[in-house]
**Q** 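Pasting in a structure now, in structure tokens, and then I'll have a few things to ask.
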Amino acid sequence: MEPAEYELAFFRRNGFQRRTCVVCGSGFWSLGDHDRCQEAPCRDYGFIGHPIFPHAYEYAAMREKFLAFFEHRGHTRLRRYPTVCRWRNDVFFTQASIYDFQPWVTSGTIPPPANPLTISQPCLRFNDLEEIGRSGRHFSEFEMMAHHAFNRPDHEVYFKDRTVELCHELLTDELGTDPKGITYKEEVWEGGGNLGPSLSVGVLGLELATLVFMEYVRDGDALRPMPLTVVDTGYGLERFVWASHGTKNAYEAVFGAAYDEVRRTFPPREAAVLLDHARTINFLVTDGVVPSNSKEGYFARLAIRRSLRILGKTPDAPALTALLDRMARDLAHQYPEIGQHRDDLHRVVENEAERYADAIDRARSVIRRSEERARSTGQSITADDLLGWYDSLGVPPEVAVEELQAPPAIPADFYARAAARHESDAPATDYAERSEGLPRPPDATPATEVLYYLDPYTDTFESHVVHADGPYVVLDRTYFYPTGGGQVADRGFLGDTEVVDVARVGPWVLHRLERAPGWRVGERVRGRIDKARRMQLMQHHTATHLLNGALREVLGPHVWQAGAYKGPESARIDITHYKPLSKEELHRVERRVNEVVRRDLPVRSYFESRGEAERRFGFTLYQGGAVPGKELRIVEVEGMDVEACGGTHCTHTSEVGAIGILDVERIQDGIVRLTYVSGERALDVREEHEAILSEAARRLGVPVTGLPSGIDRLLGEVEESRKVAKARTKDDLGQTAQALLHDPSAVDVFGDVTVVRARRDGLDRAALQELSRLLTREPKRVALLASERDGTGLFFVGSSTPHIAAAALVEAAKPSFGGRGGGNPSAATAVGEPGQPLSDAMEAARAAARSAAGA
RNA sequence: GGGCACGUAGAUCAGCGGAAGAUCGCUGCUUUCGCAAAGCAGAGGUCGGGGGUUCAAAUCCCCCCGUGUCCA
């Protein structure tokens with residue numbers, strides 16, 4: 001980054017000097033005479049016992065101070081976004097305030113909700129879990145306070161100068177820091193293909209904020225200026241509160257009274273972990289994460305199980321739910337949604353606690369057995385075993401050690417080693433828009449006016465070509481719905497050419513035609529949408545909203561949409577839920593949605609300001625993920641479901657027609673998928689099912705209502721005849737065995753050993769085995785059995801004579817008929833040539849038996 | 001999204017290439033006034049599903065399905 005990037009007018013105007021840190025070598029700007037930047041590790045924490053700000057602020061007060069400061073300087077205050085980053089697929093959690101605006105706002109696709117804006121965004125980071133409580137400053141949930149500005153060439157809000165000016169004013173005039181104590185260290189920020197200069201703000205060893213200026217796109221080695229430049233700031237609320245108290249660790253300052261309460265029962269480290277995790281769990285569950293074994297859910301599980309472990313080893317520890325309630329109380333002032341569904345949260349957490357107890361129980365018995373086995377083979381349990389158990393059974397090493405008589409030492413780096421077992425080089429998937437791979441129209445192309453929002457029933461329209469590139473066409477206005485929000489794109493025709501796909505690219509709607517139509521810009525075209533297909537998609541989409549609402553009613557508010565798909569054939573919704581749906585729950589959901597259909601409620605779609613919509617409906621608006629923009633498109637079914645949604649919808653619930661749930665499956669731990677149909681498809685599917693049922697009934701010769709009992713009868717009969725058949729062959733073989741034993745030509749007596757020979761062509765291996773078993777029930781017997789079947793010779797030997805091994809006799813017989821096989825002392829088998837060689841094999845075995853018997 | 005472990009009798013599990021087992025539970029009998037207990041006898045298994053290798057697969061390999069768990 002060029003030095004000029006950091007030479008701000010603000011610095012010059014106010015007499016800041018640029019110096020170089022003698023420790024890290026970075027350039028920094030300051031009013032004070034420092035030889036190093038004021039950030040650890042370049043210098044020690046100097047604020048412990050000497051607060052950076054003259055007043056000590058409580059957590060909520062500091063946040064309010066910050067937001068109000070920026071609000072008074074022209075920023076619009078925004079409510080928090082969800083901590084679960086459902087609108088991106090490269091990350092699970094909101095880890096910084098700017099995540100709220102990526103990728104759509106930062107890429108210029110959608111205007112920012114306000115500009116400039118200020119927000120305090122709760123963020124989740126799970127990469128330093130072990131540091132929590134130990135370092136004195138790590139949290140898994142923290143708030144990043146920020147002010148953001150988005151600058152377009154035609155609309156500059158503010159950039160570097162004003163940003164630093166605001167920051168400086170906040171720290172000094174507003175919060176009372178000594179201006180000379182602040183250093184602005186020069187850094188380079190890079191992420192997501194963008195980069196720009198940034199300044200890191202340090203005071204007395206503490207990094208209070210980072211001011212990032214996104215202005216370039218990396219293009220190979222070259223840097224291109226971004227069309228949209230972004231002010232991305234981050235001020236750590238926890239750090240500000242800590243700085244204002246100057247306490248030894250951040251936790252007592254941040255958690256305040258709650259910290260003191262918990263400290264009465266727990267040591268400092270445990271207290272910090274419990275409080276931190278309690279906050280995290282509250283946010284996670286409120287924002288629709290249910291504990292599970294993968295993705296977001298795993299972190300909820302981790303936080304819950306870690307907390308339970310700490311609580312479990314402390315006598316008189318409070319219940320986890322009590323702790324959650326305690327933290328919810330502190331958070332509820334700012335975030336009323338937290339703690340609003342206390343009972344539901346308790347159910348989710350208690351269910352997880354139960355599962356954890358089950359897992360540990362299971363693990364204990366495995367561990368006991370393993371040790372027993374190890375002891376009997378003279379081995380001992382190793383640290384590797386502990387690692388394996390943690391990995392596959394989830395049992396923490398401390399618990400395993402408790403269970404063992406002779407435990408190994410737990411390695412100090414146990415959890416690091418556990419993590420190392422899972423190192424993979426799988427690249428993180430990028431949060432690309434769907435537009436990836438599609439041609440992007442030139443920037444000068446006028447944005448497409450989308451009409452399907454206004455009227456989802458219009459299926460023919462006229463418009464003009466504003467861009468054409470091979471089969472790709474952009475119109476000035478269109479009724480074609482592009483793939484989005486889980487709803488697949490419309491089909492239809494532009495002129496005489498079929499539209500095979502429709503996608504949103506930036507501000508444009510791109511129609512992909514079956515072939516290049518050769519149109520020129522300005523040409524007038526007529527569009528015609530496949531109306532039946534669109535209608536079906538609308539029905540499926542509205543049905544999805546109804547189901548979502550009904551599922552929340554029946555199962556509880558922890559239910560969030562975790563994904564959805566609305567196709568012409570069927571639709572599905574994935575929801576967060578902690579156990580499989582019972583038949584009864586399913587039934588109630590289905591009844592409820594169909595009742596809403598019958599009551600013919602209006603489905604209202606309208607635009608509303610974000611703030612107003614959030615105030616009226618709360619956070620559950622964002623079922624499909626956060627939707628940027630000043631205005632949200634709200635789809636409301638009164639009393640049932642309200643979502644921010646860009647899809648096409650029926651205007652009355654009765655248009656949806658019957659809704660039939662076809663399938664419910666648990667697609668992963670914590671996520672349940674429902675597949676369903678509505679409208680025309682519901683009728684089709686019902687007809688199909690009825691046809692299948694009546695055909696099945698016809699074949700069974702019963703009425704449809706008699707199917708279940710008819711099938712039971714049939715299964716009973718099958719079972720019965722299977723038994724009869726089995727018994728019969730056993731009988732037959734029994735008779736054969738008796739006959740053989742009494743047939744002098746089949747029996748040889750060699751000393752005290754009775755050798756029975758028989759050739760029974762057609763018997764399979766299992767029959768020979770059974771016959772052999774019958775013949776060798778008495779001791780001192782040998783059975784030599786042969787069968788020719790499907791052109792091969794089968795030879796089977798059974799022996800109840802200890803010194804005559806069946807396998808040895810087969811060995812002896814093998815050369816005679818080119819047999820391959822083997823066995824054990826009591827039974828052996830081989831296959832080879834049929835006919836005479838098989839008979840020779842029998843003779844060879846007989847001779848071997850005779851000599852083995854010593855006769 | 002990836003790694004690992006596990007799916008065998010109603011339950012808990014053993015067996016890990018050569019003729020499907022143990023314990024508990026269940027049924028019947030013996031014993032008892034009755035119950036419990038004990039003894040004896042018995043029923044109960046397409047060894048999760050499908051392919052493959054092998055003379056031979058619960059066992060080895062591959063693919064599904066299900067469960068658990070860890071990591072990101």
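A, B, ... follow the sequence lines: proteins, then strands. Residue 1 opens every chain.
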**Q** For rG68(B) and Arg355(A) - does any side-chain N or O of the residue sit under 4.0 Å from the phosphate oxygens OP1/OP2?
**A**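 Affirmative; the distance criterion is met.
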**Q** Heavy atoms within less than 4.0 Å of RNA chain B: which residues of residues 381-397 of chain A have one? Give them sorted by number.
**A**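 Heavy-atom contacts with RNA chain B come from Tyr390(A), Asp391(A), Ser392(A), Leu393(A), Gly394(A).
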**Q** Can you list, in residue-number order, the parts of residues 778-794 of chain A that come under 4.0 Å of RNA chain B, counting heavy atoms only?
**A**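 Contacts with RNA chain B under 4.0 Å: none.
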**Q** Should the pair Arg673(A)-Asp663(A) be classified as a salt bridge under the 4.0 Å nitrogen-to-oxygen rule?
**A**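 No, Arg673(A) and Asp663(A) are not salt-bridged.
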**Q** How would RNA chain B look in dot-bracket form, 5' to 3', counting Watson-Crick and G-U wobble pairs with both distances under 3.5 Å and writing | for bases paired to another strand?
**A** ((((((((.[[[[.)..(..]]]].(((((.......))))).....[[[[[..)....]]]]]))))))).
**Q** Considering only side-chain heavy atoms of Arg820(A), which listed nucleotide, rA72(B), rG68(B), rC55(B), is closest?
**A**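 Closest of the options to the side chain of Arg820(A): rC55(B).
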**Q** For the residue pair Arg572(A) and Tyr565(A), would you count it as a cation-pi contact if the rule is NZ or CZ under 6.0 angstrom from the ring centre and within 45 degrees of the ring axis?
**A**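 That pair qualifies as a cation-pi contact.
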**Q** Let me know, please, whether Leu302(A) or Ala830(A) comes out on the 5' side of the other along RNA chain B by nearest nucleotide.
**A**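 Going by which nucleotide is closer to the 5' end, it is Ala830(A).
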**Q** Applying side chain to side chain contact (heavy atoms under 4.5 Å, CB included), run through Leu274(A) and Ile310(A) and close with a yes or a no.
**A** CA-CA 8 Å; Leu274(A) 286 173; Ile310(A) 293 172; 4.0 Å; yes
**Q** Check side chain to side chain contact (heavy atoms under 4.5 Å, CB included) between Ala737(A) and all other residues, then give those that pass, not counting sequence neighbours.
**A**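 Residues passing side chain to side chain contact (heavy atoms under 4.5 Å, CB included) with Ala737(A): Leu771(A), Leu774(A), Leu775(A).
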**Q** Which nucleotides of nucleotides 11-24 of chain B have their base under 4.0 Å from a protein heavy atom (B), which only their sugar-phosphate (S), and which neither (-), written as one string 5' to 3'?
**A** --SS---BBS----
**Q** Applying ring pair (Phe, Tyr, Trp, His ring centres under 6.0 Å), can you list everything that pairs with Phe283(A), at least two apart in sequence or on another chain?
**A**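 Phe283(A): ring pair (Phe, Tyr, Trp, His ring centres under 6.0 Å) contacts with Tyr335(A).
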